[in-house]
Amino acid sequence: MPENPNKPSAPVHFIRAIIEEDLKTNKWGGRVHTRFPPEPNGYLHIGHAKSICLNFGLAAEYNGLCNLRFDDTNPTKEDVEYVDSIMEDVRWLGFSWDDRLYYASDYFEQLYDYAVQLIKKGKAYVCDLSPEEVRQYRGTLTEPGQNSPYRDRSVEENLDLFERMRNGEFPDGSRTLRAKIDMASGNLNMRDPTIYRIKHATHHRTGDKWCIYPMYDFTHCLSDSIERITHSICTLEFEDHRPLYDWFLDQLGVYHPQQIEFARLNLSYTVMSKRKLLQLVQEKLVNGWDDPRMPTICGLRRRGYTPESIRAFAEKIGVAKRDSVVDVALLEHCVREDLNLRANRVMAVLRPLKVVIDNYPEGKVEELEAVNNPEYPGAGTRKLPFAREIYIEQEDFKEFPPKKYFRLAPGQEVRLKHAYIIKCVGVVKDDKTGAVKEVHCVYDPQTKSGESADSRKVKGTLHWVSAAHAKTAEVRLYDKLFTKPDPDEDGDFKASLNPNSLEILTSCAIEPGLADAKPLEHFQFLRHGYFTVDPDSRPGNIIFNRTVSLRDTWAKVEKKEN
RNA sequence: UGGGGCGUCGACAAGCGGUAAGUCACCAGCCUUUGGAGCUGGCAUUCCCAGGUUCGAAUCCUGGCGCCCCAGCCA
């Protein structure tokens with residue numbers, strides 16, 4: 001595969017700057033140790049890809065390590081289906097965690113001990129308030145909260161109660177373990193946050209061993225500490241939680257990673273929240289998590305995106321603290337740039353129109369040589385059958401051509417890619433509908449592709465497929481899933497779903513060699529775009545997904561003329 | 001009337017007191033047997049606003065304004 005000569009050198013964003021400074025001052029003894037910590041409650045999307053590329057990328061760049069850790073502290077929402085898909089997606093993106101696969105649930109015993117330590121220090125207590133009461137005691141954004149009546153229980157009583165919580169003596173929701181911090185803090189996270197809650201639920205890894213589960217805030221910072229993470233990179237909304245993490249770590253006197261927050265990715269014309277994506281799947285508004293219209297990693301993979309293009313995208317969008325929405329056109333640019341170099345060009349006629357070349361001998365078949373990829377000579381050439389009857393694209397012929405239309409029209413000449421120049425001499429129409437059924441042309445034998453006898457210039461070049469040799473294929477054309485840059489604009493993202501986001505074409509004519517392409521192989525359909533073979537393809541019934549169309553200046557001209 | 005962040009081109013994003021990088025998008029031209037790709041050029045006298053400090057401010061100071069996040073026993 002050719003190297004992209006335009007590969008940009010990595011820009012120094014603020015996190016790189018922090019790491020380089022830390023390396024210079026030897027803050028972590030030269031170590032860079034990050035982690036990607038997903039909760040296994042959904043499929044990964046392009047926003048996670050940004051985080052994955054950041055965490056694994058930084059580690060690789062600075063000779064460090066990056067762990068994969070599942071933050072699996074809520075058994076009622078998590079599932080092994082998700083842990084499997086997450087591992088597959090991270091691997092596919094091109095990253096490896098070697099033997100550093102961890103689960104927060106591996107630390108449950110250790111975490112329990114930490115909680116006991118807090119109780120012994122008088123820094124945590126068992127609270128009997130109901131969820132509603134806790135909310136009332138919490139106060140509001142502008143008013144301080146009130147202390148729980150259970151806040152001053154003795155260490156002995158707390159120890160006893162907490163142990164009995166673990167032993168399953170109390171029902172769900174009846175009690176919690178809370179940190180004793182400050183009910184008047186302006187930061188609500190510091191108003192005696194919950195550390196443990198009772199959930200008599202089966203965990204996907206620990207089974208029924210536990211009926212109390214630690215909360216995310218407690219678990220996350222301590223898991224990072226246990227793994228001796230140097231840079232705990234997370235998104236902006238956790239900035240408010242940092243004081244709480246600092247408090248836990250300091251009270252316990254344990255290893256203290258440095259947390260750095262960055263802005264999560266938003267992409268135009270799509271939604272990124274797990275809740276909304278789950279809704280699209282559950283309500284069958286799309287065909288599953290890997291529907292090629294989804295911004296999920298598996299959706300993008302099935303759509304034909306490459307790991308390289310996603311990594312390039314992650315690099316190009318940068319890393320900062322400002323809320324932003326990246327134009328989906330940048331993502332599309334990244335796949336085009338990658339696929340332009342690696343995808344073989346092939347000919348596929350999506351909406352066939354028959355062309356008969358009147359002066360071409362009946363029964364004759366020529367094998368024409370075609371270059372596979374002009375951007376990469378190493379891709380070689382292939383033979384293409386040419387005969388008297390061929391298919392061209394319906395939109396490549398117009399009986400009454402508009403201005404600047406360089407394609408086929410009565411009396412007009414075009415080049416057939418890799419073949420001859422032909423001239424339109426007549427049309428056959430359907431008696432009833434008046435639609436053009438067939439176009440008649442004559443060819444000039446002197447204009448065979450690659451033979452220098454002729455230097456005639458024609459404005460247009462069309463792709464084509466020999467009618468007798470063509471194979472049939474199904475092609476799925478995808479458009480944006482939503483009609484608005486911000487689907488959430490007026491609070492109802494489903495209202496802005498694009499009814500035309502999928503168009504299925506079932507009678508496409510493809511060049512013969514394409515019929516046995518392998519799933520996820522990438523091609524450029526000449527003059528159309530980049531396509532990949534859908535994994536649902538079966539022998540004799542091949543399906544192609546359009547990854548992205550080619551830039552289409554004619555479409556722009558056409559639009560402007562109107 | 002709480003706490004935490006953030007405001008640089010249509011969209012991302014550099015810049016860290018010495019006179020506004022780069023990318024996408026867009027526009028124009030060249031080139032082309034893909035109306036693709038490639039190439040060339042254009043695209044912020046100005047950095048949310050107002051004052052101030054300075055020979056000099058996007059960068060420092062003061063005061064405004066705007067946007068985002070937080071009141072799960074979710075993560």
Side-chain angles (χ1 to χ4, degrees), chain A residues 6 8 11-13 17 37-39 41 71-74 76-78 127 129-131 134-135 138-145 172-178 184-191 193-199 212-213 215-217 219-220 235-243 261 263 268 274 315-334 336-337 340-341 345 347 371 374-375 404-407 414-419 421 447 449-450 457-463 485 524-529 549-558:
Chain A
N6 304 319
V12 179
H13 50 65
E39 182 191 16
N41 70 341
D71 265 335
D72 54 350
T73 56
N74 188 347
T76 59
K77 293 192 175 170
E78 296 151 8
C127 180
L129 254 24
S130 70
V134 168
R135 198 183 331 120
R138 185 154 34 225
T140 68
L141 291 178
T142 52
E143 296 163 309
D172 287 6
S174 60
R175 283 181 228 262
T176 55
L177 182 73
R178 295 225 260 161
S185 173
N187 181 347
L188 304 221
N189 294 121
M190 302 299 272
R191 319 243 263 226
T194 303
I195 300 178
Y196 268 88
R197 72 291 214 189
I198 301 172
K199 272 181 193 283
I212 57 172
Y213 291 93
M215 295 292 288
Y216 170 84
D217 282 331
T219 307
H220 190 81
T235 44
L236 253 28
E237 67 270 29
F238 293 105
E239 216 147 14
D240 286 353
H241 297 234
R242 182 152 34 93
E261 307 87 4
S268 61
K274 278 191 191 177
E315 196 57 66
K316 279 198 164 101
I317 57 177
V319 180
K321 297 193 70 158
R322 185 189 331 172
D323 285 311
S324 59
V325 181
V326 175
D327 192 338
V328 71
L330 182 57
L331 215 212
E332 295 180 339
H333 162 81
C334 290
R336 287 196 187 102
E337 189 178 50
N340 176 47
L341 262 25
R345 275 59 171 169
M347 297 205 280
V371 168
E375 300 292 328
K404 297 182 188 166
Y405 187 79
F406 304 151
R407 308 177 188 183
V414 295
R415 154 77 62 184
L416 290 177
K417 181 76 179 176
H418 301 129
I421 291 178
T447 59
S449 188
K457 296 286 184 210
V458 284
K459 278 285 207 177
T461 298
L462 307 188
H463 61 278
Q524 184 196 101
F525 286 5
L526 226 59
R527 304 207 302 134
H528 279 302
S549 63
L550 251 23
R551 284 185 65 234
D552 189 351
T553 21
W554 167 241
K556 281 180 200 166
V557 172
E558 222 178 3

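The sequence lines fix the lettering, A, B, ..., with proteins before strands; numbering per chain opens at 1. Values below: all heavy atoms of this structure, side chains included; hydrogens, waters and symmetry mates excluded. For clarity, every value in this text was computed on a predicted model and none was experimentally measured.
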Starting from C1' on B:rU34, measure out to CZ on A:Arg345 and report it in whole angstrom.
-> 8 Å

Which is it for A:Val414 and A:Val458 under the side chain to side chain contact (heavy atoms under 4.5 Å, CB included) test, yes or no, and what are the steps along the way?
-> CA-CA 6 Å; A:Val414 295; A:Val458 284; 5.7 Å; no

Contact state string [nucleotides 66-72 of chain B, B base, S sugar-phosphate only, - no protein heavy atom under 4.0 Å] | --SBBBS

Would you sort out whether A:Leu331 and A:Val326 count as a side chain to side chain contact (heavy atoms under 4.5 Å, CB included), showing the intermediate values?
-> CA-CA 9 Å; A:Leu331 215 212; A:Val326 175; over 6 Å; no

Is A:Tyr405 touching bases, backbone alone, or none of the nucleic acid, heavy atoms closer than 4.0 Å?
-> base

Would A:His463 and A:His528 count as a close aromatic pair, with their ring centres under 6.0 Å?
-> yes

Give A:Gln524 one of three labels, base, sugar-phosphate or nothing, depending on what nucleic acid heavy atoms sit under 4.0 Å from its own.
-> base

Verify the contact: side-chain N or O of A:Thr553 to OP1 or OP2 of B:rG36, cut-off strictly under 4.0 Å; return yes or no.
-> yes

Which of the following nucleotides, B:rA13, B:rC74, B:rU34, is nearest to the side chain of A:Ala320?
-> B:rA13

Who does B:rA71 pair with, Watson-Crick or G-U, both distances under 3.5 Å?
-> none

If you look at every strand shown and take non-hydrogen atoms under 4.0 Å, does A:His418 touch a base, only sugar-phosphate, or nothing?
-> base

Side chain of A:Ser268, backbone of A:Val328: donor and acceptor closer than 3.5 Å?
-> yes

Take atom P in B:rC39 and the same atom in B:rC6, then report the distance between them in whole Å.
-> 37 Å

N/O (side chain, A:Thr73) to phosphate O (OP1/OP2, B:rA75) under 4.0 Å | yes

When you check the phosphate oxygens OP1 and OP2 of B:rG35, does a side-chain N or O of A:Arg527 lie under 4.0 Å from one of them?
-> yes

Which part of the nucleic acid, if any, lies within reach of A:Lys274 when heavy atoms closer than 4.0 Å are counted: base, sugar-phosphate only, or nothing?
-> nothing

Would you mind classifying the nucleic acid contact of A:Lys321 as base, sugar-phosphate or nothing, using non-hydrogen atoms under 4.0 angstrom?
-> sugar-phosphate

Determine the contact category for A:Thr176: base if any of its heavy atoms lies under 4.0 Å from a base atom, sugar-phosphate if only primed atoms, P, OP1 or OP2 are that close, otherwise nothing.
-> base

Whole-Å gap separating C1' (B:rG36) and CG (A:Asp552) | 10 Å

Assign A:Pro374 to base, sugar-phosphate, or nothing according to its heavy-atom contacts below 4.0 angstrom with the strands shown.
-> base

Any chance NZ of A:Lys404 has more than 12 other-residue heavy atoms, nucleotides or ligands included, within less than 6.0 Å?
-> no

Mind checking the C1' distance from B:rA71 to B:rU23? Whole angstroms is fine.
-> 41 Å

Taking the same atom, P, in B:rG3 and in B:rG63, what whole-Å distance lies between them?
-> 15 Å

Side chain to side chain, A:Pro193 and A:Met215, heavy atoms closer than 4.5 Å | no

Taking CD1 from A:Ile317 and C1' from B:rA11, how many angstroms apart are they, rounded to a whole number?
-> 12 Å

Upstream residue (5' side of RNA chain B) when A:Thr142 and A:Asn41 are each assigned their closest nucleotide = A:Thr142

Paired nucleotide for B:rC9 [Watson-Crick or G-U wobble; both distances under 3.5 Å] = none

Nearest-Å distance for atom pair CG/P, residues A:Asn340 and B:rG36 = 12 Å

Name the nucleic acid region contacted by A:Asn74, choosing base, sugar-phosphate or nothing; use a 4.0 angstrom heavy-atom cut-off, strictly under.
-> sugar-phosphate

Plane angle bin for A:Tyr216 and A:Phe238 - parallel if under 30°, tilted between 30 and 60°, otherwise perpendicular = tilted

Span that lies between the P atom of B:rG7 and that of B:rC48, in whole angstrom | 9 Å

Using the C1' atom on both, measure B:rC26 against B:rA11 and round to a whole Å.
-> 11 Å

Gap between atom CD of A:Glu143 and atom CG of A:Leu141 - 0.5 Å precision | 9.5 Å

Closest to the 5' end of RNA chain B, once A:Leu129 and A:Arg242 are matched to their nearest nucleotides, is A:Arg242

Decide yes or no, distance alone: a donor-acceptor N/O pair under 3.5 angstrom between the base of B:rU33 and the side-chain of A:Ser449.
-> yes

Side-chain touch A:Asp323/A:Leu236, heavy atoms, less than 4.5 angstrom = yes

Could you check which of B:rC74, B:rG5, B:rA37 has an atom nearest any side-chain atom of A:Glu239?
-> B:rG5

In whole Å, what is the span from the CZ atom of A:Arg191 to the C1' atom of B:rC73?
-> 18 Å

Atom CG of A:Leu462 and atom C1' of B:rU33 are separated, to the nearest Å, by 11 Å

Take nucleotides 20-29 of chain B nucleotide by nucleotide from the 5' end and write B, S or -, depending on whether a protein heavy atom sits under 4.0 Å from the base, only from the sugar-phosphate, or from neither.
-> ---SS-S-S-

What does A:Val458 touch in the nucleic acid at a heavy-atom separation under 4.0 angstrom: a base, only the sugar-phosphate, or nothing?
-> nothing

Is a donor-acceptor contact shorter than 3.5 angstrom present between the side chain of A:Glu143 and the base of B:rU1?
-> no

Between B:rC55 and B:rA14 - C1' atom distance, rounded Å = 27 Å

When both distances are under 3.5 Å in a Watson-Crick or G-U wobble arrangement, the nucleotide paired with B:rC16 is none

Determine whether A:Lys321 and A:Glu239 make a side-chain contact, defined as any pair of heavy atoms from C-beta on separated by less than 4.5 Å.
-> yes

May I ask you to say whether A:Arg242 pairs ionically with A:Glu261, meaning some side-chain N is under 4.0 Å from a carboxylate O?
-> yes

Go through A:Ser549 and A:Arg336 one step at a time and tell me if the side chain to side chain contact (heavy atoms under 4.5 Å, CB included) criterion holds.
-> CA-CA 9 Å; A:Ser549 63; A:Arg336 287 196 187 102; 4.0 Å; yes

Quick one: does A:Thr235's side chain have a donor or acceptor within less than 3.5 Å of a partner on A:Glu237's backbone?
-> no

Name the orientation of the base relative to the sugar in B:rG66: syn if the glycosidic angle is within 90° of 0, else anti.
-> anti

pair_partner(B:rU62), Watson-Crick or wobble, both distances < 3.5 Å, evaluates to B:rA50

Report the distance from atom CZ of A:Arg322 to atom C1' of B:rA58, rounded to the nearest whole Å.
-> 12 Å

Pick base, sugar-phosphate or nothing for A:Leu526, based on heavy-atom distances below 4.0 Å to the nucleic acid.
-> base

Separation of atom CG in A:Asp217 from atom C1' in B:rG4, rounded to whole Å = 14 Å

Any A:Glu337 side-chain heavy atom under 4.5 Å of A:Lys316 side chain = yes

Expressed in whole Å, how much space separates the C1' atoms belonging to B:rU62 and B:rA28?
-> 47 Å

Residue matched to B:rC26 through Watson-Crick or wobble contacts both under 3.5 angstrom | B:rG42

Take atom C1' in B:rA44 and the same atom in B:rG22, then report the distance between them in whole Å.
-> 14 Å

